[in-house]
Peer 1: 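Let me give you the structure first, and then I'll get to my questions.
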Amino acid sequence: MMYAIQLDMYQAAAVAALVLLLGRFLVRNLDLLRRYCIPEPVAGGVVFALAHLALRQAGILEISFDSTLQTFFMVVFFCSVGFTACFRLLKKGGLQVLLFLGIAVMMCVLQNGLGAFIASAFGLDPRLGLATGSIPMVGGHGTAASFGPLLEKAGVSGASAVAIASATFGLVAGCVIGGPTAVSRIRQKNLHSFETATGSNEVVVDKNEVTGAIDSGRFLNAALCLALAIGAGTVVSAWLNKVFTFPIYIGAMLVAAFIRNTTDMAGKEIPMEEISTIGSFSLSLFLGLAMMGLKLWELADLAVPMVVMLVAQTVLMMVYAYFVVFNLLGKNYDAAVMTSGFCGFAMANMQAITQKYGPAPTAYFVVPLVGSLFIDFMNTIIITSFLNLL
C-alpha cells in the first residue's frame with residue numbers, strides 16, 4: 001500500500017530549501033550545469049521530481065503539499081519586478097520593448113498554429129492543441145488553470161489536465177534550453193556586458209571583498225513597499241479580471257510600477273537593491289516549490305500525440321529564440337540575455353546568465369515589462385481569436 005504524505009506550507013518551504021541547496025551543490029560540482037547556466041532550483045527540482053516518480057511508481061510514497069507559499073513567493077517576485085519598471089528609462093529601451101513584444105506576439109501565433117495543426121493531424125480536436133500552445137507555454141500555470149476549464153466547457157475533453165501538464169513541461173523546458181541557447185551565442189560572438197571590466201567575459205568576484213553591512217532599516221522599507229503594492233494590487237487584479245483573464249500578480253506589478261514612478265517624479269528614493277534582493281530569493285523559492293510539484297507521471301501518461309506536440313513546441317521555442325529573437329534584438333549581450341528570458345519567459349534564466357557574465361540592464365527592463373504585463377493581455381486576445389476561428 002502506497003504511503004501518502006501531505007506537507008503543510010511550512011514543511012513545503014523547508015523541503016524547497018533542501019531542493020535549492022541540492023541544486024546549488026549540483027551546479028557548483030557539475031561543470032555541465034555550470035557551463036550552461038542551469039538555474040539551481042531547476043537542477044535540484046529535477047532530481048527531486050525523478051526521485052518522487054521512482055517512489056510513486058514503486059508504490060512506496062506519494063508527496064503532495066500546500067502551494068500557498070508558492071503563490072506568495074511568485075507574487076512577491078513579480079511585484080519586485082514591477083518596481084524596476086522605471087519609465088524614465090523608456091526613452092532608452094522603448095523601441096526594444098515594442099520589438100520584443102512583436103516577436104513574442106508572433107511566437108504566440110506560431111505556438112497555437114503548431115499545436116492546432118498537430119492535433120488535427122492526429123485526428124484530435126484542434127482546440128486541444130491550444131492547450132499545448134501559448135496558453136501554457138507563455139501564460140504558464142495561471143493561464144492554463146484559467147483557460148483549461150473554458151476549453152472543457154467548449155467541449156474539449158481533458159483540456160485542463162493537458163494545459164496544466166504542458167505548463168509544467170514548459171516551465172522546465174524553458175529553463176533548460178534558455179541558458180544553453182544564450183551561452184552559445186555569447187561564446188560564438190564573444191559578447192560582453194558593458195559593465196564587465198575584466199579581460200574575460202565572465203564576472204570575477206572577490207569572495208573576500210567586504211561589501212558593507214546590511215541596513216535593516218532599508219530592508220524594512222523594501223518589505224513595506226512590497227507589502228503595500230501586493231495588498232493594493234489585489235484590488236487592481238480583481239478589477240482587471242472582470243475584463244480579461246490575467247495572472248494573479250498583475251495588480252501588484254502595476255501598483256509597484258506606479259509607486260516607483262510616482263516617487264521618481266517626487267525626487268524620492270526607493271530601496272531598489274533591497275527590493276531586488278527580496279525578489280531574487282522569492283524567485284528561487286517559488287521555482288523550488290514549483291519543481292516540487294512537477295508530476296512526471298502526468299507527462300509520462302500523455303498520449304503519443306501530446307508528447308509529439310510538447311516536443312514540437314520545445315523545438316519551435318529553441319529555433320525561434322536562437323535564429324529570430326537574438327538576431328532581431330541586435331546580436332549583442334543584452335540580446336543574448338533577452339533570448340534566454342524569452343524561453344518560457346523564465347527570469348531564472350536571465351538571473352543565471354547575468355550572475356556569470358555580468359549585468360544586462362536593458363534586458364531586465366524589457367523582458368519583465370513585456371513578459372509580465374503586455375504579453376498576457378496580447379496572449380488573451382490571441383487565444384480567444386484562435387478559439388473563435390477553430
Side-chain angles (χ1 to χ4, degrees), residues 23 26-27 30 32-46 49 74 77-78 81 96 100 103-104 106-108 110-111 134 136-141 166-189 191 193 201-202 280 283-284 286-288 290-291 294 310-360 362-372 375:
L26 293 173
V27 171
L30 296 179
L32 182 65
L33 299 179
R34 190 169 58 255
R35 182 189 301 272
Y36 289 105
C37 298
I38 302 301
E40 293 173 356
V42 173
V46 167
M74 177 185 70
F77 166 67
F78 281 106
V81 170
Q96 286 285 75
F100 192 82
I103 292 170
M106 182 55 65
M107 182 63 172
C108 292
L110 291 173
Q111 285 176 326
S134 70
M137 297 298 176
V138 173
H141 288 84
S166 297
T168 303
F169 179 88
L171 174 67
V172 178
C175 288
V176 168
I177 69 176
T181 301
V183 169
S184 65
R185 282 304 200 180
I186 290 171
R187 292 178 176 173
Q188 181 186 53
K189 302 286 186 180
L191 302 175
S193 167
N201 63 343
E202 294 190 17
S280 181
L283 171 62
S284 293
F286 160 61
L287 273 180
M291 294 300 298
L294 181 60
L310 292 173
V311 172
Q313 293 289 356
T314 304
V315 173
L316 172 63
M317 185 191 302
M318 185 167 57
V319 171
Y320 191 81
Y322 189 87
F323 290 104
V324 178
V325 178
F326 177 77
N327 289 329
L328 289 182
L329 291 177
K331 303 180 182 179
N332 55 22
Y333 176 71
D334 271 288
V337 176
M338 282 188 277
T339 297
S340 74
F342 182 85
C343 295
F345 285 95
M347 292 296 294
N349 291 343
M350 295 172 55
Q351 184 182 45
I353 294 289
T354 54
Q355 282 178 349
K356 183 173 183 179
Y357 292 104
T362 301
Y364 265 87
F365 175 76
V366 172
V367 176
L369 198 62
V370 172
S372 301
I375 194 57

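Note that this is a predicted model, so its numbers are computed, not measured.
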Peer 1: How about M106 and L110: do any of their side-chain heavy atoms sit closer than 4.5 Å?
Peer 2: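 Answer yes - side chains close enough.
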Peer 1: Are the side chains of Y357 and R187 in contact, using a 4.5 Å heavy-atom criterion?
Peer 2: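 Yes - at least one pair of side-chain heavy atoms lies under 4.5 Å apart.
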Peer 1: Taking the side chain as every heavy atom from C-beta outward, state whether T362 and Y333 have any pair of such atoms under 4.5 Å apart.
Peer 2: no
Peer 1: Are any side-chain N or O atoms of Q313 and backbone N or O atoms of Q111, one a donor and one an acceptor, separated by less than 3.5 Å?
Peer 2: yes
Peer 1: List the atom of I353, the atom of A182, and the distance in Å for their closest heavy-atom pair.
Peer 2: CD1-CB, 4.1 Å
Peer 1: Rounded to the nearest 0.5 Å, what separates atom CE in M137 from atom OG1 in T314?
Peer 2: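 That separation rounds to 5.5 Å.
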Peer 1: Can a donor-acceptor pair be found, under 3.5 Å and without considering hydrogens, that links the side chain of D334 to the backbone of A363?
Peer 2: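 Pair found, side chain donor or acceptor close to backbone of A363.
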Peer 1: If I compare all heavy atoms of A43 with all of L26, which pair ends up nearest, and what's the gap?
Peer 2: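 Closest approach of A43 to L26, heavy atoms only: O-CD1, 3.8 Å.
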Peer 1: For a 4.5 angstrom cut-off between non-hydrogen side-chain atoms, does S184 reach Y322?
Peer 2: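 Yes, close enough: below the 4.5 Å cut-off.
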Peer 1: Using a 3.5 Å distance criterion without hydrogens, assess whether the side chain of Y364 forms a donor-acceptor pair with backbone atoms of Q351.
Peer 2: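 Judged by distance alone, yes, a pair lies under 3.5 Å.
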Peer 1: If I compare all heavy atoms of A336 with all of L191, which pair ends up nearest, and what's the gap?
Peer 2: CB-CD1, 4.1 Å
Peer 1: Without swapping roles, check the side chain of N349 against the backbone of G174 for a donor-acceptor pair under 3.5 Å.
Peer 2: yes
Peer 1: Is the shortest side-chain heavy-atom distance between Q96 and M338 below 4.5 Å?
Peer 2: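 Yes, at least one pair of side-chain atoms sits under 4.5 Å.
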Peer 1: Under the side-chain contact (heavy atoms from CB on, under 4.5 Å) rule, what do I103 and L329 come out as? Steps first, then yes or no, please.
Peer 2: CA-CA 9 Å; I103 292 170; L329 291 177; 4.0 Å; yes
Peer 1: Does any part of the side chain of M107, heavy atoms only, come nearer than 4.5 Å to the side chain of L316, both counted from C-beta?
Peer 2: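 Side-chain contact under 4.5 Å: yes.
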Peer 1: For V138 and C108, which heavy atoms make the closest approach, and how far apart are they?
Peer 2: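 The pair with the smallest heavy-atom distance is CG2-SG, 3.8 Å.
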Peer 1: When the aromatic ring centroids of F342 and F326 are compared, is their separation below 6.0 Å?
Peer 2: no
Peer 1: Does any non-hydrogen side-chain atom of L310 lie less than 4.5 Å from one of S166?
Peer 2: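 Side chain of S166 against side chain of L310, heavy atoms only: contact under 4.5 Å found.
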Peer 1: Could you work out, with ring-ring contact (aromatic ring centres under 6.0 Å, His included) as the rule, every residue matching F77, not counting sequence neighbours?
Peer 2: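 Partners of F77 under the ring-ring contact (aromatic ring centres under 6.0 Å, His included) test: none.
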Peer 1: Between C343 and M317, which heavy-atom pair has the shortest distance, and what is it?
Peer 2: CA-SD, 3.6 Å
Peer 1: Is any side-chain heavy atom of T339 closer than 4.5 Å to one of R185?
Peer 2: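 A side-chain contact is absent here, since even the closest heavy-atom pair is not under 4.5 Å.
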